[in-house]
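Report on the structure given below.
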Amino acid sequence: MAGVRLSGVTKRYGAGITVLDNIDLEVHDREFMVLVGPSGCGKSTVLRVLSGLEPVDAGEIRIGDRVVNDLAPRDRDIAMVFQSYALYPHLTVFENIAFGLRVRKTPKQELARLVGEAAEVLSLSDKLEKLPRHLSGGERQRVALGRAIVRKPQVFLFDEPLSNLDAKLRVQMRAEISALHKRLQITTIYVTHDQVEAMTMGERITVLNGGHIQQTDEPLTLYNTPANRFVAEFIGSPPMNLMSLTKKDGVFQYAGHPLPFTGNTGAAEPSLDTVLAGIRPEHVDVAEGGGGLPAQVVLVEPMGGETIVYLALEDGTRLVAKIDGMRRFTLGETLMVTFDHQQIHWFDPRTERRISL
Amino acid sequence: MAMGKKMTSAIVHLTLILATIVTIYPVLQVISISLRPGDSLYSTSLALIPEGATLNAYKTILFEKPFLLWMRNSLLVSITVTILGVALASTAGYAFCRYRFPGRGIGLMSFLISQMFPATMLLLPLFLLLKKVGLLDALPGLVIAYVATALPFCVWTMKGYYDSIPVDLEEAAMVDGLTQIGAFRKVTLPLSAPALMITALFSFITAWSEFMVARVIIQSLDLYTLPLGLESLAGTFQTEWANYSAGAVLVCIPVVALFLALNRYLVSGLTLGGVKG
């Protein structure tokens, strides 16, 4: 087993496109680290440079105590699961799983035992003689996992492995991969654009955007104390509401309604004239009367246990509220919106960084 | 509606039957002539097996003419062209598909452009080139000429096919422990079997049935390939038509055998490269 460390890693394509810009990332030994971010943020590139499929332009990559910058993929002792599964179509399931072992000239009996064990773990024992084209999506995914685990590498790399599966299978495979990690205890770096996957699987999550690391933290820390506006908006579904507040008479206000800076992390009040207030949908409440901001219901998404209500404030600003599923709403009705003041996140509108960190 | 469908079906079948007859008739005619006792080309009989059918012409061509020598030369040239064609096209196609290098676009385009010129236009330059390097009237010279003419098509076929193989497969193989060449050899090449078959067949047929270039390059009788040999059977004043036809039938056999052997690859191979699958 081994930890992974990227120090000052920069990767450029062509003349001017910087995909990774001075990335510093440490993944602890046996940790399940998730890299998450929107398309084009550089998360897959991190895996590609780590696996050796792409060279880096600057920086150092360490796996364990070895600097691997100049090592070929085959010498890095890693295994990778591709989004497309990348199963060898001309080989049976057995041969697909055994491929890496054969290349490494593993003795026949040992090879059969290892493949058998991996197939057993992944419930593939009765599929070993089949060709990939005769398998379902979930089974193919398992073969790809089998090919990775059979070698017992130092590091697992997963590149959006569940994105080709249907929703139900995705949930099932998510649990299987997590269970597999707990069982094998191999350092894992898992790339996804799906924040639900990230939150449910990762021991720690790194959020990337535009080739920069935005924040690395445990899932709940990331959710409860996002380091900046991007993380705040990216993590959480529906995303966090953001409102621009202006200071009047010494109090931050939105359209004449005061939203006092309570500083839920105990920070001092910023000496700014305007701030961004971030409020998670579950911290927005609505009532038919009383105080608050008047808002019109523009869309209702009943989910059963909860209802997502989309609201428009008087100036057109949109808000999303997550309300208990038992309550009923009518399109077009006007409600009074209130916020849980203790749960407001404050961001500097210029730097977009969290105030109070 | 049903009537219209039947009509369409009838027209399609009639067209296909006609096309089949037009295609097969000359072949049957050649076989028929090869079985005739005399040297008569024309006969009023429509019988497929002529009256007094005999295999004498085959005996003559095989044992009294240097047919086996021509066959040996043709096999030597064709097999070498096939091996070289497959080896060069599979590697060159791979380079054009997977790598970006200066001259890539021009290289591919010039391959394509070379296909636009008729083979006869290449005769003079080929003749001069081979004369310069001392390979005129030599089988290696013929091999070089054939490989050069077959290669552009083969490289494009191979490149088109490699384009349809996801690069992920090679990357997975490299992570699994292979070098890039190893991944090419163990993953890409086996997956390219249909394209390789097409390349092999095209190279073989290019060399096997070619006459014009061979006529210009080869002068010695003992270096004649089958097309040259067959042509030599046609005399100035009299042609031994039965022998000539028997020779033609014998020349076709290896190609037909190859086609039958590679048939299952060909059906998928001919549609490959064009569509990503």
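So that the names make sense, note that chain A is the first sequence line, chain B the second, and so on, each numbered from 1. All heavy atoms count here, side chains included; hydrogens, waters and symmetry mates do not.
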* Asked: Side chain, backbone, both or neither: which part of A/Leu101 has a heavy atom under 4.5 Å from chain B?
  -> neither
* Is the number of heavy atoms from other residues, nucleotides or ligands under 6.0 Å of A/Gln109 CD greater than 12? -> no
* To do: Could you have a look at A/Ser51, A/Pro89, A/Ala144, A/Ala72 and say which one has the most heavy-atom pairs with chain B under 4.5 angstrom?
  => A/Pro89
* To do: Select one option (side chain, backbone, both, neither) describing which atoms of B/Ala173 are under 4.5 Å from chain A's heavy atoms.
  => both
* **Presence of salt bridge, A/Arg104 and B/Asp176, under 4.0 angstrom** => no
* Around A/Asp65, counting heavy atoms of other residues, nucleotides and ligands shown, do more than 12 lie under 6.0 Å from its CG? -> no
* Residue B/Leu16 excluded, over 12 heavy atoms near CG under 6.0 Å -> yes
* Structure fact -> What one should report as the nearest heavy-atom pair of A/His90 and B/Pro190 is CD2-CB, 3.6 Å
* Tell me, do A/Met80 and B/Glu171 make a side-chain contact under 4.5 Å, heavy atoms counted? -> no
* Is atom CZ of A/Arg62 surrounded by more than 12 heavy atoms (other residues, nucleotides or ligands) closer than 6.0 Å? -> yes
* Structure fact -> If one checks every heavy atom of A/Leu53 against chain B at 4.5 Å, the contacting part turns out to be side chain
* Any side-chain heavy atom of B/Leu178 within less than 4.5 Å of one from A/Phe99? -> yes
* Select one option (side chain, backbone, both, neither) describing which atoms of A/Arg76 are under 4.5 Å from chain B's heavy atoms. => neither
* **Within 6.0 Å of CZ in A/Arg183, more than 12 heavy atoms from elsewhere** => no
* Asked: In this structure, are over 12 heavy atoms from other groups packed under 6.0 Å from B/Ile106 atom CD1?
  -> no
* Asked: Counting heavy atoms not belonging to A/Glu120, are there more than 12 under 6.0 Å from its CD?
  -> no
* Asked: Should A/Tyr85 and B/Leu169 count as side-chain neighbours, where that means a heavy-atom distance under 4.5 Å?
  -> no
* Asked: Hey, is CZ on B/Arg98 packed in by over 12 heavy atoms from elsewhere, all under 6.0 Å?
  -> yes
* Asked: Considering only heavy atoms from C-beta outward, does the side chain of A/Arg147 approach that of B/Val175 to under 4.5 Å?
  -> no
